[in-house]
Amino acid sequence: MVGLSLGEKHFIQGGIAQDLRSDARKRLTYRPIYVETGVIPQANGSAAVKMGATEVIASVKAELGKPTSLHPDKGKVAIFVDCSPTAAPAFEGRGGEELSAELSTSLQQCLLGGKSGAGAGIDLSSLSVVEGKICWDLYIDCLVVSTDGNLLDALGAAIKAALSNTGIPRVQVAAGATGDEQPEVDISDEEFLQFDTSGVPVIITLTQVGKHYIVDATAEEESQMSSAISVSVNRHGRICGMTKRGGAGLDPSVILDMISVAKFVSEQLIIKLDSEISAAEAREEE
Amino acid sequence: MSGKGGSAPHPTTYSPSPQNQKRPKSLIFKDNVDWVRPDGRGFQHCRPAFLRTGAVNAASGSAYAEFGNTKVIVSVFGPRESKKAQMYSDIGRLNCNVSYTTFATPVRGQGADHKEFSSVLHKALEGAIILESFPKTTVDVFALVLESGGSDLPVVISCASLALADAGIRMYDLVTSVSVSCLGKNLVIDPIFEEENCQDGSLIIACMPSRNEVTQLTITGEWSTPKIHEAMQLCLDACAKLGMVMRSCLKETASSQE
């Protein structure tokens, strides 16, 4: 995807080894993050996140649906990622589809927890309206507008921002429905409930280049990676999910080391992201 | 295929035994430390593995794996010339595909929502194969899950590396894979379908046991660092043992051909 000369490759690798990257960052420094909320008026919540030249949009739409028989007291969340060929020619056709599928799977693993619903970053029981009958289905759709590496972290941040921007309409359930009847509901278009996002984790991708690992790799740096792991960490420092990319094998002790580094980085990222989100929401209200 | 019912009076016919039809509804008590797993195993006991190479004649290499009720067949084709449309590549390509039969799952056709397995299989294997040894060509790895009985992906990965070895594709090491489910406070290794359905979290490791390298790692659910450490140790241990079983299976095939 990125054509680099041998000299450029050595420059990137050498810079990372000396803790001074091409854009003057240190290994564990993120690019400045810029968040804008409420970018899509038709959605219940939305946000755009820029990290350097990487830009993604996430929108949250809520629809009333029926809970599954396995989890009658929980709502459902689906995450989709679309990599538009307008972002990069490589996204056209199958290339984009594959990347989209991979990103959506990673996001689901990082945000939605185990099969029983435990440990989910998004609180699914808050989406229940009438147990076993009606629940909210959240459709989280993400669009990659332009790409310069580190898509997963940006998408994770965008989803977190979009969810905190999400207002779910208050639902009045008409009394009197009994038994198997589907109760009638009245959706308020004035009253909205703020979605609780305190448990939504952030995703930190550590990209290994040579012997070292870096956060927030640009596309050029990603082309030099041997492997990368993405760890999602919540506010309490608990790991909520993890995936690995890249073919090269890693020593188990290195992985554990990477997890602890990711935990350390996550603290700063959560603080940074929270302040950016609240700043964005303050701007929107003005 | 595992040679069941060989002593039946009519070996040409087969009728399903009635006790296979009813599935005992077993409860899983998450907070209880003493519950017995539905199939009577201990928490840290893997299912017995049955492995055979050479299941498909037409393929360059193939393997069949049976871990409890999980039955998987993997065939490897190639290395063969890459498609004309693909760009020149001085290292070989690996093409992986995982599919489910329509009857693999209790509800017909439910296996279709496992599209991501193909890319996970690719990522788990590519680090182990010496792709430089077959430039300009492609190796196809096709996995078919005949019956889904839990821990499908780890079984597919292990079986695929066995099939690659059978095909004579050069590898740094065999790839073995094991998963662990987190149920309440307990970690159970090699979970079955019922356990996977109510797990709080899962950890899947694919590794090269003799090189002590992890090629793929996926975690879902909420974990603390010590718990990850514990689960990884458990998996790596089991991976090393599975590697020995796979090696002896390959040796057996090789010695029987002589």
Side-chain angles (χ1 to χ4, degrees), chain A residues 68-71 93-94 97-121 199 201 226-234 236-260 262-264, chain B residues 28 30 91 94 113-120 122-129 131 172-173 175 181-184 191 193 195-209 211-229 231-233 235-236 239:
Chain A
T68 56
S69 53
L70 211 58
H71 302 297
R94 258 190 68 138
E97 264 170 46
E98 260 171 37
L99 184 66
S100 304
E102 201 182 313
L103 288 170
S104 347
T105 318
S106 305
L107 285 170
Q108 276 165 16
Q109 274 165 353
C110 288
L111 299 174
L112 301 185
K115 273 211 179 115
S116 71
S226 53
S227 59
I229 62 165
S230 301
V231 188
S232 81
V233 187
N234 68 10
H236 311 294
R238 308 261 291 180
I239 314 295
C240 299
M242 182 163 151
T243 53
K244 181 177 173 293
R245 275 186 304 146
L250 284 173
D251 196 87
S253 61
V254 174
I255 291 181
L256 289 170
D257 191 37
M258 283 168 114
I259 291 175
S260 62
K263 267 171 75 170
F264 168 72
Chain B
I28 290 173
K30 285 186 179 173
I91 59 165
L94 178 68
D113 50 328
H114 292 293
K115 270 184 190 154
E116 75 276 8
F117 280 14
S118 303
S119 77
V120 180
H122 183 271
K123 286 187 281 186
L125 294 175
E126 68 172 343
I129 299 173
L131 292 167
Y172 296 109
D173 192 6
V175 180
S181 269
C182 181
L183 291 158
F193 194 74
E195 288 166 337
E196 273 190 335
N197 269 338
C198 54
Q199 67 191 6
D200 295 329
S202 74
L203 181 147
I204 303 174
I205 268 191
C207 72
M208 296 189 266
R211 282 165 64 98
N212 196 28
E213 268 183 23
V214 176
T215 60
Q216 189 53 245
L217 172 65
T218 308
I219 297 175
T220 59
E222 194 175 336
W223 295 73
S224 63
T225 318
K227 199 127 199 181
I228 289 181
H229 194 105
M232 269 175 71
Q233 265 322 315
C235 277
L236 289 172
C239 279

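In the text below, chain A, chain B and the rest are named by the order of the sequence lines, each starting its count at 1.
In this structure, A:Gln109 CD and B:Ser202 OG are separated by 7.5 Å, a value rounded to the nearest 0.5 Å. Distance CD1/A:Ile239 to CD1/B:Ile228: 4.5 Å, rounded to 0.5 Å.
Contact residues of residues 250-260 of chain A toward chain B are A:Leu250, A:Asp251, A:Pro252, A:Ile255, A:Leu256, A:Ile259 (heavy-atom distance under 4.5 Å).
For B:Leu217, the parts lying near chain A are the backbone and the side chain together; criterion is any non-hydrogen pair under 4.5 Å. Only the side chain of A:Glu102 has a heavy atom closer than 4.5 Å to any heavy atom of chain B.
Of the listed residues (B:Ser224, B:Ser118, B:Cys207, B:Ala124), the one with the most heavy-atom contacts under 4.5 Å to chain A is B:Ser224.
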Ignoring hydrogens and angles, write down the donor-acceptor pairs under 3.5 Å from the side chains of residues 241-248 of chain A, residues two or more places apart or on other chains.
unit_1   : atom_1 : unit_2   : atom_2 : d
A:Lys244 : NZ     : A:Gly246 : O      : 3.1
A:Lys244 : NZ     : A:Ala248 : O      : 2.9
A:Lys244 : NZ     : B:Thr215 : O      : 2.8

